[in-house]
Novice: 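Sending over a structure as structure tokens; questions will come in a sec.
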Amino acid sequence: MEVSRALLFEVGALLTTLALLGAVARHFALSPIPVYLLAGLSLGKGGILPVAAADDFVSTGAPIGIVLLLLTLGLEFSATEFASSLRRHLPSAGVDLVLNAAPGAVAGWLLGLSGVAILALAGVTYISSSGVAARLLEDLRRLGNRETPAVLSVLVLEDFAMAGYLPMFTVLALHGSWLEALAGTVAAIGALVAAFAASYYWGHYVGRLVAHPDSEQLLLRVLGITLMVAALAESLHASAAVGAFLVGLTLTGETAERARRVLGPLRDLFAAIFFLGIGLSVAPKELLPALPVAIGLAVVTAATKVLTGMYAARRDGVARRGQLRAGTALIARGEFSLIIIGLVGTSIPAAATLATSYVFIMAIAGPLLARYTGGPPPTAP
């Protein structure tokens, strides 16, 4: 089989660059996420050094990265504990929707955009990035913190909401009828609820299926099942990340601990590719025209996300500092917002330009604010 020298060189150069940038970020006790995003921005469309040969590798590796991030996050919790947390945080989901969808909708209305564009901006400002949040909780050693279940509950409930929103929005963006949009929404939400119920009641069978004393077998089994479940979730207009998270919830005890160990290096590699891919997908010149409005929208919605996280953490009895950590962990927007942008990109360029600038600002600002607010994470759960 002939090997592309350009592919090998570009992928090697990208990984070396990410290693150097990540080392610098770690030296200053920062999450490497912002520097990975900026690296992608400088190398992608319209950047200083295009990496065309590596595009396929990045576009394939990026979704694997988000799947691995949420899978390993799910391995930290049990399905029973998380189901209880979800029920407790249904009011948090309502607060989240009102506080964070409204600014996008109001901005679209003030700019004189169409109804579909207003709906798009509402979705972009509403949904946090599960991938960024998962990596931040790991980077900042907050997985064992009291506020973390509240953060995860808000993220998963947002993904449930997206399971209804995306089918509806896709139909409307393609000029379909409201009846078609409603049918797609009901089907997607029903499928996701059924998947969660299956994970809760029969997920222990998955643990028995993947358990094996050999690390290679464990890795192949867990990863294979997770990718298939993630693909099924995507086909139902849900989130691949939620599918991966549900698989992680089904594994407990020694199996979960061993899975975390064998998956850790693979997750870190593809997570870096995921964040790089976000930057590569954006042309710098696309960010400039709408930058002033995007900055204003970012300031407002950063504050509303912090309020959302504080409300959710307070429901769990978390102290004020932990509430602030929960809020800043939710600030970043990412993968779902980019999907919405892709749906409106050609038909409503004004909304796509504003949303692109906004998402990139939030993806960079979120990790920085999470690092420098809320105080240092506790050293023990």
Side-chain angles (χ1 to χ4, degrees), residues 11 15-16 18-19 22-23 25-26 29-33 36 57 60-82 85 130-149 151-152 155-156 199-200 203-231 233 240-276 329 367 377-381:
V11 171
L15 296 180
T16 302
L18 294 179
R26 300 289 187 191
L30 295 172
S31 169
I33 294 171
Y36 292 165
F57 172 77
T60 301
I64 295 176
I66 186 68
V67 164
L68 288 171
L69 281 167
L70 270 293
L71 168 64
T72 54
L73 195 59
L75 290 169
E76 300 286 340
F77 303 90
S78 74
T80 303
E81 293 170 342
F82 196 71
S85 181
S130 299
V132 175
R135 184 56 189 262
L136 276 175
L137 293 173
E138 177 79 25
D139 286 345
L140 301 177
R141 303 190 311 279
R142 295 178 181 176
L143 289 175
N145 285 16
R146 284 196 64 198
E147 73 272 6
T148 297
V151 173
L152 297 180
L155 290 171
V156 171
S199 173
Y200 181 80
H204 57 282
Y205 292 113
V206 177
R208 296 178 187 175
L209 182 63
V210 303
H212 198 279
D214 182 69
S215 295
E216 178 185 342
Q217 277 291 315
L218 179 65
L219 172 65
L220 293 174
R221 293 180 184 193
V222 173
L223 188 56
I225 289 175
T226 301
L227 292 175
M228 288 190 292
V229 171
V242 168
F245 186 75
L246 292 178
V247 174
L249 288 178
T250 65
L251 305 181
T252 57
E254 182 185 356
T255 301
E257 180 60 34
R258 291 183 58 232
R260 280 195 294 270
R261 289 200 301 269
V262 299
L263 287 165
L266 200 63
R267 174 205 61 201
D268 294 342
L269 168 63
F270 284 102
I273 297 301
F274 166 69
F275 298 119
L276 178 75
T379 56

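Values in this document were obtained by computation on a predicted structure and should not be read as measured data.
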Novice: Between L71 and V222, does the side chain to side chain contact (heavy atoms under 4.5 Å, CB included) criterion hold? Intermediate values first, please.
Specialist: CA-CA 9 Å; L71 168 64; V222 173; 3.9 Å; yes
Novice: Answer yes or no: is there a donor N or O on one side and an acceptor on the other, between the side chain of R135 and the main chain of L69, under 3.5 Å?
Specialist: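 No.
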Novice: Going from CG on L251 to CZ on R221, what distance comes out if it is rounded to the nearest 0.5 angstrom?
Specialist: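 These two atoms lie 12.5 Å from each other.
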Novice: Measuring from atom CG of L263 to atom CG of D268, what distance do you get when rounded to the nearest 0.5 angstrom?
Specialist: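 One finds 10.5 Å between CG of L263 and CG of D268.
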Novice: Once you round to the nearest 0.5 Å, how far does CD1 of I33 lie from CG of L276?
Specialist: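 Here the rounded value is 13.0 Å.
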Novice: If you measure from CZ on F270 to CG on L68, what distance do you get to the nearest 0.5 Å?
Specialist: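 Output value for this atom pair is 7.0 Å.
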Novice: Taking atom CG of L15 and atom CG of L269, what is their separation to the nearest 0.5 Å?
Specialist: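 Atom-to-atom, L15:CG and L269:CG are 6.0 Å apart.
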Novice: Which pair of heavy atoms, one from I273 and one from A62, lies closest together, and at what distance?
Specialist: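 Scanning both residues completely, I find the closest heavy atoms to be CG2-N, 3.9 Å.
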Novice: Grab the two heavy atoms, one from G131 and one from I66, that are nearest each other, plus how far apart they are.
Specialist: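 Taking G131 first and I66 second, the nearest heavy atoms are CA-CD1, 3.0 Å.
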Novice: Is it the case that the side chain of R258 and the backbone of A211 share a donor-acceptor pair, with hydrogens and angles ignored and the cut-off at 3.5 Å?
Specialist: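 Here the side-chain-to-backbone pair does not exist.
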Novice: If every non-hydrogen atom of A25 is compared with every non-hydrogen atom of S31, which pair is closest and at what distance?
Specialist: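 Answer, listing the atom of A25 first, then S31: CB-O, 4.1 Å.
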Novice: Apply side chain to side chain contact (heavy atoms under 4.5 Å, CB included) to the pair V247 and L70, showing each step before the final yes or no.
Specialist: CA-CA 9 Å; V247 174; L70 270 293; over 6 Å; no
Novice: Rounded to the nearest 0.5 Å, how far apart are OG1 of T226 and CG of L75?
Specialist: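 One finds 8.0 Å between OG1 of T226 and CG of L75.
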Novice: Search all heavy atoms of A329 against all heavy atoms of V151 and return the closest pair with its distance.
Specialist: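 In terms of heavy atoms, the two residues are closest at CB-CG1, 4.3 Å.
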Novice: Side chain of T60, backbone of F57: donor and acceptor closer than 3.5 Å?
Specialist: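 No; judged by distance alone, with no hydrogens or angles, the pair does not exist.
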Novice: So, does T148 use its side chain to make a donor-acceptor pair with the main chain of G144 at under 3.5 Å?
Specialist: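 Side chain of T148 to backbone of G144: no pair is present.
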Novice: Taking it one step at a time, do L73 and E138 satisfy side chain to side chain contact (heavy atoms under 4.5 Å, CB included)?
Specialist: CA-CA 9 Å; L73 195 59; E138 177 79 25; over 6 Å; no
Novice: Whether R260 and E257 form a salt bridge (side-chain N of Lys/Arg under 4.0 Å from carboxylate O of Asp/Glu) is what I want to check.
Specialist: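 Salt bridge present between E257 and R260.
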Novice: Under a 4.5 Å cut-off applied to non-hydrogen side-chain atoms, are T255 and R208 in contact?
Specialist: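 Of all side-chain heavy-atom pairs linking R208 with T255, none is under 4.5 Å.
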Novice: With N145, which of R141, R142, E147 fulfils side-chain hydrogen bond (donor to acceptor under 3.5 Å, both in side chains)?
Specialist: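 By the side-chain hydrogen bond (donor to acceptor under 3.5 Å, both in side chains) criterion, N145 pairs with just one of R141, R142, E147: E147.
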